[in-house]
Protein chains: 2
Amino acid sequence: MNGQFQIATHVLTLLCKQPGELLSSDYVAGSMNVNPVLVRKEMRKLRACGLIESKEGKAGGYSLALPPQKISLADVYKAVKLPPALGQAKNKPNPECPVGRQINAHLDHLADDVEAAIIKKLSTITIFDFVNQFD
Amino acid sequence: MNGQFQIATHVLTLLCKQPGELLSSDYVAGSMNVNPVLVRKEMRKLRACGLIESKEGKAGGYSLALPPQKISLADVYKAVKLPPALGQAKNKPNPECPVGRQINAHLDHLADDVEAAIIKKLSTITIFDFVNQFD
DNA sequence: TTGTACTGTAATAATTTTTATTACAGATAA
DNA sequence: TTATCTGTAATAAAAATTATTACAGTACAA
């Protein structure tokens, strides 16, 4: 299991709900019951992709770098870099076997197709859309 | 990481390439360099879904229960029951927070949509198609 | 009917991944 | 100059995955 996408989406939701405010990792971590360092780690990825901005020092924190209509869940997915949806084998198939010799190439190609399908789906939903579902 | 889908697909590929033969978990495990018990565990799932058959006793092993044109990779995906593609948070968000109170429901709904997109993609590919890519 | 070669399954250990915790340097506002 | 943040590393704890061992049960074959 892996809650990185959920953490990132949770923070973006909070940022979207409180526009203009800088939210600290402690505040956010409190809303989700998770360690603040984990929040800062995800924020680093989001910032590297230009989705959020951060400000250090007293009264610092995080804010959206783009209007929420411009941030898709596909952007979030790509930013957090989850392990592949089909999993990832770490075995080394037997190169003597005609199947073992080739299968990783075919599985990799398949994994790429699946990732593309996920991204296609997620690209239809923005953080704005997601947040609008809330009461 | 998690190689369960890869194991299942590897076995089905071997079964497809050697129709009529019963392949043992040891033989299969040798082709992929993985523990035979792991193979038997995945086979249990595939059998529960009616994709393969197994025969105990001497000269026993596994065989396809359906023609490979009738087995889609979506069937395999559903059989192995991977963890959700978007991950799965195990935190309990703060119920005092308006976002924390609702977000899991919305994240679950999103996860369902993504799983559906994956299955839709995988349902277009059969084991027969997959194996036909091999030289 | 006895030995051999399998599956099925449980229990446990080893490995890997994820999350939590601690610590502290650096930035910035009051 | 003090308090409150981010950024980051190091390490520990927890959880998930894979490997290993063991053995009961099944089926074939000599």
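Below, chains carry the letters A, B, ... as their sequence lines are ordered, and counting in each starts from 1. The analysis underlying the following values was restricted to heavy atoms, covering all of them including side chains, and did not include hydrogens, waters or symmetry mates.
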What is the separation between atom [atom1] on [X] and atom [atom2] on [N], rounded to the nearest whole Å?
X	N	atom1	atom2	answer
B:Glu42	D:dT17	CD	P	11 Å
B:Gln6	D:dT17	CD	C1'	13 Å
B:Asp26	C:dG8	CG	C1'	14 Å
A:Tyr62	D:dC5	OH	P	12 Å
A:Leu15	D:dT6	CG	C1'	15 Å
A:Ile52	D:dG7	CD1	C1'	12 Å
A:Lys92	D:dT18	NZ	C1'	17 Å
A:Asn2	D:dA16	CG	P	12 Å

Taking [X] for the side chain and [Y] for the main chain, is one N or O donor matched with an acceptor at less than 3.5 Å?
X	Y	result
A:Asp108	A:Ala105	no
A:Asn94	A:Gly100	no
A:Gln6	B:Gly87	yes
B:Asn33	A:Lys92	yes

| said: I'd like to compare against my own output: the B/S/- annotation of nucleotides 20-30 of chain C with a strict under-4.0 Å heavy-atom distance to protein. | reply: SBBB--BBBB-
| query | Hey, mind stepping through B:Tyr77 and B:Lys121 against side-chain contact (heavy atoms from CB on, under 4.5 Å) and telling me if it holds? | reply | CA-CA 11 Å; B:Tyr77 182 79; B:Lys121 177 68 190 175; over 6 Å; no
| note | For A:Phe130, the ring-ring contact (aromatic ring centres under 6.0 Å, His included) test, sequence neighbours excluded, returns A:Phe134
For [N], take OP1 and OP2 only and decide whether either is under 4.0 Å from a side-chain N or O of [X].
X	N	result
B:Tyr27	C:dT7	no
A:Ser25	D:dT6	yes
A:Ser54	D:dG7	yes
B:Arg44	C:dT9	yes

| Looking only at heavy atoms, what is the nearest atom pair of A:Gln102 and B:Asp135, with distance? | OE1-N, 3.2 Å
| Does A:Leu23 or B:Gln4 map to a spot on DNA chain D nearer the 5' end, using the closest nucleotide for each? | A:Leu23
